[in-house]
There are 2 protein chains.
Amino acid sequence: MVGRSSRVTIHDVAKAAGVSVSTVSKALNDTGRMAVETRDRIKSIAADVGFRPNALARSLLFNRSFTIGLLTNDTYGRFTLPLMAGISEALVDQGVSVFLCAIEDDPGLAKIHVDAMLDKQVDGIIATGKRIDRSLPVDLAGLPVPVVYAYTAGAEGSVTLTADDMQGAELAISRLHSVGRRKLAHVTGPESFASATERADAFRRMAGASAIILHGEWTEAWGHQCVATLFDRKGSDRPDGVFCGNDQIARGVVDALRERGIRVPEDVSVVGFDNWEIVAAQTRPALTTIDMNLKELGRIAGLTILDLAEGRAVTPGLRKLPCNLVVRQSCDGGRREN
Amino acid sequence: MVGRSSRVTIHDVAKAAGVSVSTVSKALNDTGRMAVETRDRIKSIAADVGFRPNALARSLLFNRSFTIGLLTNDTYGRFTLPLMAGISEALVDQGVSVFLCAIEDDPGLAKIHVDAMLDKQVDGIIATGKRIDRSLPVDLAGLPVPVVYAYTAGAEGSVTLTADDMQGAELAISRLHSVGRRKLAHVTGPESFASATERADAFRRMAGASAIILHGEWTEAWGHQCVATLFDRKGSDRPDGVFCGNDQIARGVVDALRERGIRVPEDVSVVGFDNWEIVAAQTRPALTTIDMNLKELGRIAGLTILDLAEGRAVTPGLRKLPCNLVVRQSCDGGRREN
DNA sequence: AAAATTTGAGAAAACGTTTTCTCTTATTGA
DNA sequence: TCAATAAGAGAAAACGTTTTCTCAAATTTT
């Protein structure tokens, strides 16, 4: 013997019941044939001694670990945590557990973690990140287990899930329209981000070619700065609605507007993106924003990796999941014009 | 056979090398006696066919899974993520992986996750939460594996790690003193939180009995409100330094001060608590604050659970780890008085 | 040259399950 | 009453490792 177990095994149950381990196994799994009273007696004895089958032994036998790996380079957990919640929710009642591996942007660390997960025979890997147009610093193609990419760029022919940026943006802009806003501006992140350009494209299409789009950083400070650009000039040119690329920018915009005595939402309506509660709910007035439903995305990622792990066919490609609008005060329902 | 493996096993290596599996095992583990050229030949063949030992099989044998569980009810990950980073960093080169289980505050869910972790033979469990004076909704005493509590209340006689709130508060107050502030106020969370009262006690002791302490919510709004209370009155009574119970309150305070034209840090210095980058760094001016070194706390938790898992003795009890001061503009170095 | 020792490598058991196969005993049918 | 069948339960193999034990061949010692 190499190690020593203090846990109760099926052998202990067999001994206690005076039967063989095979009989115990069949009794507990409701397989095989045996007298119903034998089965019940064994079940009750197993419960009494607190027997729980060693999942490692079962895994070895079934070649299935009921374990998956979640690989992420999103340090703040902004995207990973909601995703993780959805994954966990989808898998917990299937008895599947999740290894979380935070790899920063270190390829070496990533490889170590991937190897460790493979050694531990994970049934699949979900890769996730902080932006949809960059991939993790490790090649996950050709692994002996299925991989699903969620909110990070996937390899060619892979299964990739992401939020529908364009539809989300449309939702935001429609909202501004529906409360009567016509002179819209869009303040968002760098053009190097696909999310930014995709949302900006939707904005351009819906708000008209003349509508202003300002690309900058994903920060409050950028929101502040843009308000100076947009509002410190003649009244007629001022926007009456601002669609922001994320909630941090939106917060900067709202704060800067308040500093100028411009009322939100009475004078200007503001819509954010992300529904990052910590920002959106603390802003005064609280932000109307777009929720990417990352938890739902995680749920689907979990179910998908399960499908793949169990050999069911999944059509590969990029699948965009719809966003939805969360209404708070910064763009509430009252119509102002028209 | 129950399942079917597509992975290369030690048997494949043995076949390829024309030796027995025992010889392969000994060759790869540098054990047993054999001709050095045999060993090298086997090693090179193993590398060629990409053999990696099945960790499940080893776990079964050694009764050691090289896996631990991290149980948390901190949904936002405010505390869990830095902790997780530290744990992971401490354990990754020992080959230990981490199951992350988010249990909200649901006892049923907690039990399911704990059982799943035990079934998978975790070597230990680290329990963590969002406040040090509440325990998770599940009893972890009497488990067949070691448990370490980090930033959550532990059972009697358990190993519990936490940040030293008092020392952190002292650091903050010393800082305010050292920049010449003498009329201090403390704006913090509810008295029902041990962290709030402990920091408040330190404040009372260092700032004098007459110093003002305001207990309320852990929100920006409360910070705002307190500024109204403290500063909308005769000048001589106004504080010149505010120590805030967390960064969100501090942000509220700083914003409210700015709205009143009171300059930070020229007129009033502000110190926060938590060093939650997302808040502290975005505040204008950026917040001087206390960092609880949660990553280091996680690192120690990881090493401790490893000690326990490997049978080394660990003295039980509550261990408080020191905080440190992070200086940003809201309480920078320039002296104003004296 | 015979005996003792060392070297090299394989067989088998073990970890904790599940499942297939086998075997004995009880029950049914003629 | 005897053969055919069903029921009940156990033995053994399998999953992929590691380690102990055994054994033959090669080497050293006397």
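Labels below follow one simple rule: chain letters A, B, ... track the order of the sequence lines, proteins then strands, and each chain is numbered from 1. Values below: every heavy atom of this structure, side chains too, minus hydrogens, waters and symmetry copies.
A salt bridge links B:Asp30 to B:Arg39: one of the charged nitrogens lies within less than 4.0 Å of a carboxylate oxygen. Using a 4.0 Å cut-off between a side-chain N of Lys or Arg and a carboxylate O of Asp or Glu, A:Asp106 and A:Lys111 do not qualify as a salt bridge. A salt bridge is absent between A:Asp115 and A:Lys120: the closest approach of a Lys/Arg side-chain nitrogen to an acidic carboxylate oxygen does not fall below 4.0 angstrom. The pair A:Asp74-A:Lys130 fails the salt-bridge criterion, with no side-chain N (NZ, NE, NH1 or NH2) lying under 4.0 Å from an Asp/Glu carboxylate O.
A:Leu294 has its side chain within reach of A:Phe79: a pair of non-hydrogen atoms, C-beta onward, lies under 4.5 Å apart. Counting heavy atoms from C-beta on, the side chains of A:Ile300 and A:Arg319 come closer than 4.5 Å. Put simply, the side chain of A:Thr72 does not reach to within 4.5 Å of the side chain of A:Cys101, judged on heavy atoms. Looking only at side-chain heavy atoms (C-beta outward), A:Thr80 and A:Leu70 come within less than 4.5 Å of each other.
One atom, CZ of A:Arg7, and another, P of C:dT17, lie 11 Å apart when rounded to the nearest Å. Distance NZ (A:Lys26) to C1' (C:dG16): 17 Å, rounded to an integer number of Å. With rounding to whole Å, B:Asp12 atom CG is found 13 Å from D:dT17 atom C1'. The nearest whole Å value for the distance from the CG atom in B:Asn63 to the P atom in D:dT19 is 14 Å. The CZ atom of A:Arg64 sits 16 Å away from the P atom of D:dG16 (whole-angstrom rounding). When the P atom of D:dT18 is taken as reference, atom CG of B:Asn29 falls 5 Å away, rounded to whole Å. Computed from coordinates, the A:Leu28 CG to D:dA9 P distance equals 14 Å when rounded to whole Å. The separation between B:Leu60 atom CG and D:dT19 atom P is 14 Å, rounded to whole Å.
The side chain of A:Ser20 lies closest to D:dA11, out of C:dG10, D:dG8, D:dA11. Taking the side chain of A:Thr9 as heavy atoms from C-beta on, and the options C:dG16, C:dT18, D:dT18, the nearest nucleotide is C:dG16.
For A:Ile10 and B:Ala35, each mapped to the nucleotide of DNA chain C holding its nearest heavy atom, the one lying further toward the 5' end belongs to B:Ala35. Of the two residues contacting DNA chain D, namely B:Leu56 and B:Ser22, the nearest-nucleotide position lying further toward the 5' end is that of B:Leu56. Each of A:Thr23 and B:Val24 was matched to the nucleotide of DNA chain D holding its nearest heavy atom; the match closer to the 5' end belongs to A:Thr23.
Using a 4.0 Å cutoff on non-hydrogen atoms, the parts of residues 46-54 of chain A near DNA chain C are A:Phe51, A:Arg52, A:Pro53, A:Asn54, ordered by number.
Closest approach of A:Ala163 to A:Cys323, counting heavy atoms only: CB-SG, 4.2 Å. Heavy atoms only, all atoms of each residue included: B:His113 and A:Ser88 are closest at NE2-OG, 3.7 Å.
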Please produce a list of atom pairs where a protein N or O lies less than 3.5 Å from an N or O of nucleotides 22-28 of chain D.
none

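Between A:Arg58 and C:dT18 there is a side-chain N or O to OP1 or OP2 distance below 4.0 Å.
Residue contacts shown for A:Thr38 are limited to sugar-phosphate atoms, with no base heavy atom under 4.0 Å away. The residue B:Ser59 sits apart from the nucleic acid: no heavy atom pair falls under 4.0 Å.
Direction of the helix axis in the helix from C:dA1-D:dT30 to C:dA30-D:dT1 shifts by 60° between the two five-pair termini, rounded to 10°.
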- [ ] Go through the steps to decide whether A:Leu60 and A:Leu56 satisfy the test side chain to side chain contact (heavy atoms under 4.5 Å, CB included), and finish with yes or no.
- [x] CA-CA 6 Å; A:Leu60 197 55; A:Leu56 261 35; over 6 Å; no
- [ ] Go through A:Ser22 and A:Ser25 one step at a time and tell me if the side-chain hydrogen bond (donor to acceptor under 3.5 Å, both in side chains) criterion holds.
- [x] CA-CA 5 Å; A:Ser22 12; A:Ser25 177; over 6 Å; no
